[in-house]
Amino acid sequence: MTQLRTNEFIAPPECPVFEPSWEEFADPFTYINKIRPIAEKTGICKVRPPKGWQPPFACDVDSLHFTPRIQRLNELEAQTRVKLNFLDQIAKFWELQGCTLKIPHVERKILDLYQLNKLVNNERGFDAVCRERRWSKIALKMGFAPGKAIGSHLRSHYERILYPYNLFQTGANLLKPTLTNDTKDTDYIPHDLPQRQSVQPLETCSIARRAKRMRAEVGLFLGPHKTGLFIFVKQEATEHEEPITSDKENVDQYMCLVCGSGSEENRLLLCDGCDDSYHTFCLIPPLHDVPKGDWRCPKCLAQECCKPQVAFGFEQAGRDYSLRTFGDMADSFKSDYFNMPVHMVPTELVEKEFWRLVSTIEEDVTVEYGADIASKEFGSGFPIRGGRFQVSPEDEDYLSSGWNLNNMPVMDSSVLTHITADICGMKLPWLYVGMCFSSFCWHIEDHWSYSINYLHWGEPKTWYGVPGYAAEKLEWVMRKLAPELFESQPDLLHQLVTIMNPNTLMNHGVPVYRTNQCSGEFVITFPRAYHSGFNQGFNFAEAVNFCTMDWMPMGRMCVDHYRQLNRYCVFSHDEMVCKMASKADTTMDVALASAVQRDMTVMLQEEDKLRDKVSKMGVQRSQQAEYDLLPDEERQCSKCRTTCYLSALTCPCSPGQLVCLHHAHDLCSCTSSKLTLNYRFTMAELYPMMEAVTLRAESYTYWVSHVSDILEAKQDKKKLRSLVVEAEVKRFPQSDLLRQLRTVTLDAEKCAVVAQQLLIGKRQTRYRSGGRKSQSQNLLTVEELRSFVRQLHNLPCSIRQAPLLKDLLTRVDDFQQSSEQLLYDEAPSPAALQGLLDVSLGLDVELPQLALLRERLEQARWLDGVKGASVRPHSLCLDTMRRLIDQGVGLAPHGSVERAMARLQELLTMSEHWEERALRLMEARPRHCVETLVEALQEVASIPAYLPNCLLLKDTVDQAKDWLQEAETLQLGGRIPVLDTLTELVSRAKAIPVWLDPLARLDSLVFDVQAWKESAAKTFLMKNSTYSLLEVLCPRCEAGTGPQKSKYKRAKDAAQCSERNSARLDCLSDVERALSESKDSASAMATLAEVRQKEMESLLALRASNESKLLLAGDCGALRVCVCHKAPSGAMLQCELCRDAFHRSCVLGSNQDPLPNQAWVCPQCQLSEKPPLDRVLPLLASLQRIRVRLPEGDALRFLIERTVRWQHRVQQASAEVGQGVAVTTSHQRTTSNTPTSQNKSHFYHIYQINDTPELEELMVEGFLLQVTLPETQQLYRSLLIKLDPRHHHHTDSPFPQHSAEQDQHQHNSQGGMNGKRTKRHMEEEGSERKDKAKKPRKKKPKLNKERSQEAKGTCSPTATHSDLSLSDSDEDFTLCAAPWCREPEGKQVNWVQCDGSCQQWFHQVCVGVSAEQAEKEDYICISCTQPDHTRE
């Protein structure tokens, strides 16, 4: 925080503060009317409710979300904003010239350039000041000390910074200005006040825009005698008024707009605003160097600097807050700013710092203010009927309280209750959430109404107010001190965006008053009273408007004022008055009727005058209009925006528009005869309405004269009561006469009632325990009782109970004598005391002896309570002891009471000491051992009281002992602990506040296990794998159920499996539970062996299902394969594990692409990285060193054992294969000519190991193992050789090569086809196929059906290279090689040739290939995509 200066803000005087009693507080409008003569002199006042009036906070803290306004403090103050606007213009001027504005320092403070410019302009400009040598005078006016040659510095800075700008404003030529900066100058960062309020256009960039710098790329260094920064052209280039925009891509065609020449291109300078070109030597003055930054030509400079300012307003914050998040931000801001806790910052310090910040241009402090939050949307802070907040029975009075801001605007005494619309902020409260320095600017309420603000909670809110009579004075001062703001925004004071220092206003004669509103206090502003302020910190306030009957003349004046400003009205004042007049019966308050009568008289006189004026204009047509049924925006005057109600003018030429009668000439240019007068009421209807109001107002005069006559004649009290009832029914004003009448009537009735109650004994208001009188009852003393009899005779009526009161006095005297005798006794019995108090119940008189009798009775009962608590130590807690002590403190002094108090206090002190000590023992760091706590418990056992912390300490010790025993049992047992048991034991130990020696060792053991699991996961799991480590290591109990399930599906299955029988192993959760519950590794291995058996069975079933699906599929389009579950198309891959088919595009890019002579496994079957066995064995060894059992460890051990067993089986199988085990291959294939082609699918060629099922199972289990073994691929290759002996030859030698000449000879021999391309052959099956997958090549042309009949004759999917030489007579050229051929018909049928080894022809529609794909991409049929052993 910046150090505060000596010339600080001087606080204005305090406004009045009122503290009403409960009786005054009952009616808010009556009380406000009572304090109005005092409070309206200061404009604002503060009202403190009576103690105990605390409404519950009904707003939902969690659901309230709002977007606050952003407030930059130094932009709020009017004079500071003028300075910032001026500095922004200067900075913009120099920025457009490629320079940065830096504000110089003079006498160790920043120079006020705005004040310097204003003073020089007041002295008739720079030339006059220099000529008359007035710089010293200007220095004195700016506050600099004389005799230090400050004037010369000011002249230098003015000439360097401000003089070029002022010359530009006047339009004169500048000879050669320069902007040189001192190293001590401060960089000025423009605030861009208008730009932040408007939408900025997107920057466009021309593709041919060239840099403004010359081709030599000469740098610019600002300094004396360097480049001129303000440039003028030498002459007006009329022939080049339009910039050259044609052919922007050719930079040689840029031409200077001054000389019209495009020569010396390296000297051409391009404007960054309009792209006009100028030679540097054609400018005045000529430029020697290129300016840094953006450069603008003279035309653009004038346009940029002369743009009108945009109206200032607040920005909305970029984030949404809740009350909690906003409060955290607000408290953090204040504590950080003042470097102390928020509640310790003095309000005076915050106030002075606020006014310092808003007046400085050196510091930019930004705050946020949640203002004008609609309570209708988020709920009021006060409870309301039917709201979401549940009100307790004791708080139900706040629902109907007049001070509830939801009720105040719509009470009968409020004029706003006659407005039917719900106006947010006026009839419906607004909510305000403030933080430190967030402010509300100078403003008056809409329609110059009252306002009331209640601070629910939080830090104070500082207010400043100006009385209504000084409103025009304040407006005049602000216009005088900041005329620039009002020029661009005439209704500035109506926008709530500008403040001015109260000291400045007070110095110009404006009376200003202040106050600090604390939580639970009201602040009331009076009509046309300007007010502003700021928040001291995080708080929550609520405000609403209301209007009393005294406001009505001010309201009509405000409407006239709005009409002059062309400002819209929030509601129609005339409509409100007419609705009030329509209710001028016994329900209207008489005083209100008088006010309505006066206002309506003015309204009718003005309306009659205006209608007469319109009639004289020549308006003849008229019609009635239901304006009260139209929304306000549809009946606003198009000229002054006043809401019309009584009348308006319309014209057929301007549909949807109307004007009030004040602006009858501003609607259109039509003649008056075409205009139509629209009226709500005729004058004949308005005058009877006013007469009814007048009659209601005059009824009060007759009642006043009648009351005066009755009071003078002293008639019967029943007549007085009837007059009071009449005043209440007719709602006469609360005048002095009515109060006097009510007082006389109440006195007479009270005397009669009191006399009757005293005699019949109905005033039984004392309690049985001591005759304690009720808080609302005022009993008569004995002397008052004697004088009461005399008072009865002075009333204007007689009381028949007067003779009976003498007997009551006699009984009172007898009670006094008996009580004095009993109080003299040293040890009165409680029964005797209670008996005497029972006698007093029949005497409805204040008896002095009752207090002493009650004291003795309370002492006796307290001693009985202490005795009873001492004999039951198990229920004698600290609260009971404190309660007894608190009760004893309130008793009258007595010896027995003091002795019992001493014993209780001693016991309480000892108990509190041990409670605190027990708590410290449990919270100590480092924790205490069990032995220390046991010793402490032995000392506590002798205290006869109930101590919760000591009992908790005992439970803690018991828990620690039990844990130590369990830990010892776990360590000494012969079995290896299970991870879940170990983790649960460690978590329990951490919750016990006792030092446990084995905890550190067990915790380290758990950490080692977690580290092992992470290492194993890195070894096995693939990157971004969705599988868990246990899921990879365990055999798959869900294999064969279809595609791999998603995480959600597996989680759902796990939840279902948890509900099954624990003996079943149907899902991973069952396996994990079985492993965790197993007693030893042997049982775990047995469980995993069972799962392994299920895995093999289910996977073999899956393989058989997929193979049969592919072999028996009759319709390829109905077949669903691959992860996408779509029909086969294009190149397909087949998984060697699950035997399902996959589109190459679905698995393209993964590591699943097939490699030559290697088995391909689909992504669904590839669960892990399959590390080599030598990387897996160290994991098992490290786990055995940890000596903790966990499911992943058992699974890893089983995996290694399974791997070893599998290797032994492979060795045995290899020996058997070497001895001649028969291996055959059956290819499921038929030609399209056979009748069975419709039932069998030839899309896939499936190999089957008919004679060696053991080898197939062995190969499947090898693929299931999650480790990489060389035996797996060896076994796979052996099976391939067994299935197809030619495969061995193919892998050892390349395919036979065919030259281009041989291909051409073959084509010629088949018919001499023209245009048929040469076929390409594979050099190697593996490498060529890989190249085709990676690198696209030019596609051979596709043939239609006519050309295909002349093409090659290979149509069988099993054709070999030798088949290429067959003649046309040997094959049917029109036959598609696809077994599922659809036999398309038409004039043109498109074909595609396989780019694989078979080179067969297919209809494009039969294999699902489009013409575009056939031209751009290689096509390989399904026969060529299968491994070699699947083909004949």
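Not measured: the values here are computed from a predicted model.
- For Tyr398 (side chain) and Gln54 (main-chain N/O), a donor-acceptor pair under 3.5 Å exists by modelled atom type.
- Note: Phe18 and Tyr31 have perpendicular aromatic rings, judged against thresholds of 30 and 60 degrees for the angle between ring planes.
- Asn503 places no side-chain N or O within 3.5 Å of a backbone atom of Phe9 that could act as its donor or acceptor partner.
- Counting heavy atoms from C-beta outward, Cys15 and Trp463 have side chains that stay 4.5 Å or more apart.
- The aromatic rings of Phe326 and Tyr321 sit perpendicular, their planes meeting at an angle over 60°, well past the 30° parallel limit.
- Below 30°, between 30° and 60°, or above 60°: for Phe338 and Phe437 the angle between ring planes is between 30° and 60°, a tilted geometry.
- Tyr432 and Phe440 have their aromatic ring centers separated by at least 6.0 angstrom.
- Aromatic ring orientation, Phe382 versus Trp53: tilted (interplanar angle from 30° to 60°).
- Legend: residues meeting side-chain hydrogen bond (donor to acceptor under 3.5 Å, both in side chains) with Ser332, ordered by chain and number and at least two apart, are Asp336.
- Judged as a side-chain contact (heavy atoms from CB on, under 4.5 Å), and not counting sequence neighbours, Asp886 has no contacts.
- The aromatic ring centroids of Phe526 and Trp551 lie 6.0 Å or more from each other.
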Task: side chain to side chain donor-acceptor pair (under 3.5 Å) evaluation trace for Glu542 with Ser380 - done: CA-CA 8 Å; Glu542 188 169 354; Ser380 170; 2.4 Å; yes
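- The ring-ring contact (aromatic ring centres under 6.0 Å, His included) check on Trp403 picks up Phe25, Phe522, with sequence neighbours excluded.
- Of all the heavy atoms in Thr366 and Phe333, the pair that sits closest is O-CE1, 4.4 Å.
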